[in-house]
J.: 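First, the structure itself, so that you have it in front of you.
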2 protein chains.
Amino acid sequence: MSYCDTCLVRNRAICAALDNNEVEALNGIGRRKQLEPGDPLIWEGEDSLLVANVIDGILKLTNCTEDGREQIVGVVYPSDFIGRPFGETSAYSVTALTEAKVCIFSRSDFDRFAQEHPALEHKLLKRTLEELDRTRNWMLLLARKSAEEKVATFLLDMSARLVEPGCEAPQDGALEEFDLPFSRQQIGDILGLTIETVSRQMTRLKRDGMIDLPTRRRVKIIDRFALEDMAG
Amino acid sequence: MSYCDTCLVRNRAICAALDNNEVEALNGIGRRKQLEPGDPLIWEGEDSLLVANVIDGILKLTNCTEDGREQIVGVVYPSDFIGRPFGETSAYSVTALTEAKVCIFSRSDFDRFAQEHPALEHKLLKRTLEELDRTRNWMLLLARKSAEEKVATFLLDMSARLVEPGCEAPQDGALEEFDLPFSRQQIGDILGLTIETVSRQMTRLKRDGMIDLPTRRRVKIIDRFALEDMAG
DNA sequence: CGCCGATTTGATCGTGGTCAACAATAGTGG
DNA sequence: CCACTATTGTTGACCACGATCAAATCGGCG
């Protein structure tokens with residue numbers, strides 16, 4: 001009896017490429033790990049020792065300059081894959097933002113297993129290509145958008161991403177109200193802004209009637225059309 | 001007799017994963033295409049109809065906002081792979097920056113061929129992972145570095161990337177003097193800066209004795225150590 | 001209630017954008 | 001080879017956006 005039988009992301013993670021026997025074999029080389037908010041999993045620049053599937057929770061990928069400026073270069077959600085297979089070192093750090101459950105593998109074990117299972121590699125390739133598309137799109141935001149556009153884009157992105165799988169979405173797969181899984185500081189780290197600028201733009205969007213902020217973490221989209229317009 | 005026999009990047013492109021018979025088969029579904037500077041190959045948002053290997057020349061990948069702001073989200077060199085396999089649409093445009101020669105495949109043909117050749121997919125996966133690492137690193141630059149740091153980083157990156165394959169490098173694989181394949185406008189599009197700011201920072205680096213600018217396109221690195229320091 | 005971290009708000013400053021003029025280079029044709 | 005033009009790059013003046021520094025306010029928790 002393997003963990004995988006009851007795994008919440010069994011059919012959404014890359015494991016979906018495998019049949020039951022293969023999943024059983026993969027299960028043999030993996031183990032579960034529970035993370036608390038702030039717990040690090042992988043360090044930038046260190047040897048790439050492990051890879052993992054996210055079962056539950058949200059984690060951030062970060063890059064830092066020598067003098068300590070941090071930039072969040074990616075955020076991963078349940079069923080996403082983390083780590084750097086087929087490479088010596090990891091180009092970024094991975095840290096839990098919420099309580100999180102991950103299914104980790106030693107990189108060498110995983111590399112070997114993947115090479116023997118083309119369907120798994122195929123799934124991983126598709127995911128990596130999608131992630132690259134998303135990342136490149138985010139570059140446009142970082143390099144060219146104003147603070148206002150960045151925050152509007154971010155909120156729309158969140159409303160699309162925070163939809164629980166299996167939960168019927170009220171409107172075309174996007175939520176109208178949700179709790180942000182990020183602090184203002186983290187939002188700043190994602191958008192390349194300071195905490196003060198994020199705060200100011202949020203209150204501005206509220207003042208202009210596009211959103212409401214019932215609590216610090218909660219966001220309600222009032223005028224999605226205007227917000228999309230603002231996002232540029 | 002296939003084109004591939006005399007292909008300059010036969011052993012560096014993803015084709016290196018294939019034996020001669022397989023390359024012959026791949027050759028059957030591909031064809032060469034010559035591009036002039038400015039020629040487009042793929043459009044952002046359009047159906048992903050083709051993928052390609054770069055044989056010679058340099059091409060840019062770009063994203064645009066609705067109101068026309070452009071950001072270069074990637075630059076590809078000989079032996080690099082372009083296009084979006086296994087996806088319906090392309091998230092970015094591809095345009096030649098120099099005269100270029102590419103080996104193009106219909107996406108559906110390539111997808112089918114790739115699925116039947118795991119070694120090719122493996123090579124493509126490794127490349128995509130490397131590209132993702134590079135792209136994420138660039139996000140840090142776009143979001144957090146000052147104009148001065150951006151330009152210094154860019155010049156160092158160029159000095160490392162413009163090394164001709166097979167040519168012995170004077171110093172550890174990095175050139176001390178080279179011609180930029182980009183206009184000031186394009187450098188701005190890569191760094192998320194305006195043309196004026198790029199120009200100002202270049203003259204500043206020259207004034208400070210870190211580089212020399214013999215012609216508009218040529219750069220000579222005088223004090224690499226200081227430049228690395230500046231790059232942050 | 002009092003404490004502490006997170007967030008908001010305010011005042012000020014500096015970097016890089018914008019607009020404009022000018023210089024240098026490449027390209028064209030007599 | 002030299003005008004003449006078009007393109008590309010440089011420089012200057014000014015301004016706005018977002019960063020920085022500082023203070024006030026909110027919210028959670030003992």
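Proteins get letters first, then strands, A, B, ... in listed order; numbering begins at 1 in each. The shown structure was predicted, so the numbers you read here are calculated from the model rather than taken from an experiment.
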J.: Applying a 4.0 Å non-hydrogen cut-off, can you work out what A:Ser146 is touching in the nucleic acid: base, sugar-phosphate, or nothing?
T.: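 The residue A:Ser146 makes sugar-phosphate contact but no base contact.
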J.: Would the base of C:dC19 count as contacting B:Glu196 through its side chain, where contact means a donor and an acceptor less than 3.5 Å apart?
T.: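 Checked by distance alone, the answer is yes.
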J.: Name the nucleic acid region contacted by A:Arg216, choosing base, sugar-phosphate or nothing; use a 4.0 angstrom heavy-atom cut-off, strictly under.
T.: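 Base, at least one base heavy atom under 4.0 Å.
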J.: How many whole angstroms separate atom CG of B:Leu213 from atom P of C:dT25?
T.: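 For the pair B:Leu213 CG and C:dT25 P, the rounded distance is 12 Å.
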J.: Expressed as a whole number of angstroms, how long is the span from A:Leu97:CG to C:dA6:P?
T.: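 Between P of C:dA6 and CG of A:Leu97: 14 Å.
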J.: Give a yes/no answer on whether the side chain of A:Arg200 brings an N or O atom under 4.0 Å of OP1 or OP2 in C:dT9.
T.: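 Looking at the OP1 and OP2 atoms of C:dT9, neither is under 4.0 Å from any side-chain N or O of A:Arg200.
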J.: On DNA chain C, check which nucleotide each of A:Met202 and A:Arg144 is closest to and give me the residue with the more 5' one.
T.: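 By nearest-heavy-atom nucleotide position, the 5'-most residue is A:Met202.
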J.: Over how many whole Å does the gap from B:Glu148 atom CD to C:dG16 atom P extend?
T.: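 Whole-Å distance recorded here is 8 Å.
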J.: Can you tell me if A:Thr197 touches the phosphate of D:dG18, counting only side-chain N or O atoms and a distance under 4.0 Å to OP1 or OP2?
T.: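 For D:dG18, neither OP1 nor OP2 has a side-chain N or O of A:Thr197 closer than 4.0 Å.
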J.: A side-chain contact here means heavy atoms from C-beta on lying under 4.5 Å apart; do A:Phe225 and A:Leu227 qualify?
T.: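 No; the side chains remain at least 4.5 Å from each other.
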J.: Can you measure A:Leu191 atom CG to D:dG18 atom C1' for me and round it to whole angstrom units?
T.: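 The distance from CG of A:Leu191 to C1' of D:dG18 comes to 13 Å, rounded to the nearest Å.
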J.: How close or far is atom P of D:dC26 from atom NZ of A:Lys206, stated in whole angstroms?
T.: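 Distance check: A:Lys206 NZ to D:dC26 P gives 12 Å.
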J.: Between B:Glu131 and A:Arg136, is there a side-chain N and carboxylate O pair less than 4.0 Å apart?
T.: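 Answer for the salt bridge query: yes.
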J.: I want to confirm an ordering. Mapping A:Pro214 and A:Leu193 to their closest nucleotides on DNA chain D, which one lands closer to the 5' end?
T.: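 The residue closer to the strand's 5' end, by nearest nucleotide, is A:Leu193.
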J.: With sugar-phosphate meaning primed atoms plus P, OP1 and OP2, does B:Gly192 contact a base, only sugar-phosphate, or nothing at under 4.0 Å between heavy atoms?
T.: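 Sugar-phosphate contact only.
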J.: Using a 4.0 Å heavy-atom cut-off across all strands, classify A:Thr194 as base, sugar-phosphate, or nothing.
T.: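 The residue A:Thr194 makes base contact.
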J.: Any Lys/Arg nitrogen of B:Asp189 or A:Arg144 sitting under 4.0 Å from an Asp/Glu carboxylate oxygen of the other?
T.: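 Salt bridge between B:Asp189 and A:Arg144, a charged N being under 4.0 Å from a carboxylate O: yes.
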J.: With a cut-off of under 6.0 Å to the ring centre and 45° to the axis, is B:Arg161 in cation-pi contact with B:Tyr77?
T.: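 No cation-pi geometry.
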J.: Rounded to the Å, how far apart are B:Ile195 CD1 and D:dT11 P?
T.: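 In whole Å, D:dT11 P lies 13 Å from B:Ile195 CD1.
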J.: Counting heavy atoms from C-beta on, name the nucleotide in D:dT20, D:dT11, C:dT7 closest to the side chain of A:Arg217.
T.: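 For A:Arg217, the side-chain atoms sit closest to C:dT7.
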J.: Would you please test A:Leu142 and A:Gln71 for side-chain contact (heavy atoms from CB on, under 4.5 Å) and show each step?
T.: CA-CA 11 Å; A:Leu142 291 177; A:Gln71 176 62 33; 3.9 Å; yes
J.: May I have the distance from A:Glu149 (atom CD) to D:dA16 (atom C1'), rounded to whole angstrom?
T.: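 Distance check: A:Glu149 CD to D:dA16 C1' gives 15 Å.
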J.: Tell me the interatomic distance from A:Gln201, atom CD, to D:dA19, atom C1', rounded to whole angstroms.
T.: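 Value for this atom pair: 13 Å.
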